[in-house]
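Written out below as structure tokens is the structure these notes cover.
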Protein chains: 2
Amino acid sequence: MAKTSTPLISGDKLNRAAQNILEVAGQLFAQGGYDGVSINEIASEAGVSKANIFHHFRSKEGLYLAALNKACSHSARVLEDKPIDSADDPSDRVRNFLSSHLEVLLERPLASRLIQRELLDGAEGNGKQLAEKVFADTFEKITEMVRDAQAQGAIKSTVDASLLAFLMVGANVFFFENRALLARLPGIDFAGSPAQYSETVFELLAHGFNGKG
Amino acid sequence: MAKTSTPLISGDKLNRAAQNILEVAGQLFAQGGYDGVSINEIASEAGVSKANIFHHFRSKEGLYLAALNKACSHSARVLEDKPIDSADDPSDRVRNFLSSHLEVLLERPLASRLIQRELLDGAEGNGKQLAEKVFADTFEKITEMVRDAQAQGAIKSTVDASLLAFLMVGANVFFFENRALLARLPGIDFAGSPAQYSETVFELLAHGFNGKG
DNA sequence: GTCTATAGGCCGATAGAC
DNA sequence: GTCTATCGGCCTATAGAC
């Protein structure tokens with residue numbers, strides 16, 4: 001269990017005004033994307049002048065990176081704190097991961113969205129590297145958990161651990177990104193309840209759809 | 001099998017120059033998003049003047065909608081044509097869907113990306129409705145396929161058909177969106193081969209990870 | 001640290017010649 | 001149908017008073 005805890009330094013020693021700007025910027029960037037939000041809007045929403053923003057942050061890109069950095073720090077820290085390994089049964093650890101991970105995504109939806117957005121359409125550069133590190137770390141952690149479960153005989157050794165990890169993360173992210181649309185479609189039982197979704201996904205992944213059960 | 005074939009009229013009666021503009025615009029919008037691409041860039045890339053674009057298309061938004069419409073038409077038509085139902089074994093139909101759907105996504109990656117982008121960050125409006133219709137139709141079609149397979153005893157009746165459909169679409173979309181990053185991560189066998197990915201996902205979904213197999 | 005004022009540039013969209 | 005030239009507006013970023 002190597003601990004490569006690159007700190008992903010957040011804006012911790014910023015004063016109240018700067019923190020406020022960062023907070024507002026994070027929300028707006030998450031909703032509108034980098035190009036879709038102007039410094040004017042952020043200034044207006046934060047109740048400060050445009051020049052004040054440029055006093056606290058080098059440039060629009062600097063502000064964006066600071067907001068993304070904050071979101072990534074939060075996401076990494078929360079996943080680190082979640083006691084996934086607390087359960088004794090390795091199968092329960094997988095079950096717990098599925099629900100915990102989805103809860104983390106839903107807990108701070110705008111931070112999650114900011115990271116997802118950067119992964120999907122961010123230009124190559126500092127921002128994308130940050131977001132990709134969050135993705136890779138999450139992915140690595142869950143892959144490791146699957147391998148442990150395989151070593152203990154709770155998961156078939158024939159299953160590709162990274163594939164199962166990828167499917168689990170994907171199932172959660174896909175639910176997170178499409179939950180609004182899902183709720184509008186008719187006849188979807190799991191749309192409104194993340195906990196129910198997690199449990200049903202676990203059952204399906206565990207036992208498969210094959211047969212007449 | 002109700003056939004609600006709303007045509008999603010594409011720019012079929014456009015002349016060569018306009019088609020060219022539409023093609024270029026579709027590519028650039030897919031890569032950069034609506035706000036990330038200017039009419040100047042499209043004009044330059046297409047080899048025409050900016051005024052010419054406004055001659056053929058009412059506005060920037062009109063051009064964007066035409067490009068999105070074209071992508072949606074393609075996506076809907078291809079899914080309609082794919083002979084998913086050709087297999088006799090309902091289990092094979094599910095297997096075929098997984099690989100066919102992923103192939104469709106990868107066949108025209110920019111069109112797929114344009115639709116995905118609109119689903120994720122598009123403002124409420126005509127564009128989002130178009131993209132959501134494509135999503136909903138795909139989702140409905142595959143749900144129906146799962147229900148058929150259940151009726152024939154190939155899939156457990158206890159499985160939630162819409163959940164399985166959602167997981168299958170999600171597994172493919174998540175692979176499509178993250179394939180570049182996936183290829184950069186170490187130790188991922190399925191990253192470079194969509195066919196292998198589809199097959200492995202099918203096996204896992206069919207039999208589950210439970211047990212010592 | 002916070003503000004007003006403004007520089008300088010690119011934007012979407014239009015006018016009008018050919 | 002295609003162009004050049006241009007308009008008014010909004011953008012990021014800076015200057016300088018307080």
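So you know, we letter chains A, B, ... as the sequences are listed, proteins then strands, and number each from 1.
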Donor-acceptor pairs are to be reported for all side-chain atoms of residues 183-194 of chain A against protein atoms at under 3.5 Å, with residues two or more places apart or in another chain.
residue  : atom : partner  : partner atom : Å
A:Arg184 : NH1  : B:Glu132 : OE1          : 2.7
A:Arg184 : NH1  : B:Glu132 : OE2          : 3.2
A:Ser193 : OG   : A:Gln196 : N            : 3.0

Under a 4.0 Å heavy-atom cutoff, the residues of residues 40-55 of chain B touching DNA chain C are B:Asn40, B:Lys50, B:Ala51, B:Phe54

Listed partners of A:Ser38 passing side chain to side chain contact (heavy atoms under 4.5 Å, CB included), at least two apart | A:Asn40, A:Glu41

How long is the line joining CG of A:Asp35 and P of C:dG12, in whole Å?
-> 11 Å

Taking only residues two or more places apart in sequence or in another chain, which ones pass salt bridge (charged side-chain N to carboxylate O under 4.0 Å, His left out) with A:Glu23?
-> A:Lys70

Looking at residues at least two apart in the chain, or sitting in another chain, which of them share a salt bridge (charged side-chain N to carboxylate O under 4.0 Å, His left out) with B:Glu140?
-> none

Using a cut-off of strictly less than 4.0 Å between a heavy atom of the residue and any atom of DNA chain D, enumerate the qualifying residues of residues 26-34 of chain B by number.
-> none

List for me each residue that meets side chain to side chain contact (heavy atoms under 4.5 Å, CB included) alongside A:Arg117, sequence neighbours excluded, and say none if there are none.
-> A:Arg113, A:Asp121, B:Asp121

Applying ring pair (Phe, Tyr, Trp, His ring centres under 6.0 Å), name anything that partners B:Phe29, two or more places apart in sequence or on another chain.
-> B:Tyr34, B:Tyr64

OP1, OP2 of C:dC11 versus side-chain N and O of B:Ser38: anything below 4.0 Å?
-> yes

Run the salt-bridge test on A:Lys141 and A:Asp137 with the 4.0 Å N-O cut-off and return the result as yes or no.
-> no

Less than 3.5 Å apart, which donor and acceptor atoms pair up between the side chains of residues 164-178 of chain A and the rest of the protein, not counting sequence neighbours?
residue  : atom : partner  : partner atom : Å
A:Asn172 : ND2  : A:Leu98  : O            : 3.1
A:Asn172 : ND2  : A:His101 : ND1          : 3.0
A:Asn178 : ND2  : A:Phe174 : O            : 2.9

Sequence neighbours excluded, which residues qualify as salt bridge (charged side-chain N to carboxylate O under 4.0 Å, His left out) partners of A:Glu103?
-> A:Lys82

With sequence neighbours left out, the residues meeting side-chain hydrogen bond (donor to acceptor under 3.5 Å, both in side chains) with A:Asn52 are A:His56

Please list, in 5' to 3' order, the outermost nucleotides of DNA chain D lying under 4.0 Å from any heavy atom of chain B.
-> D:dG1 to D:dT4

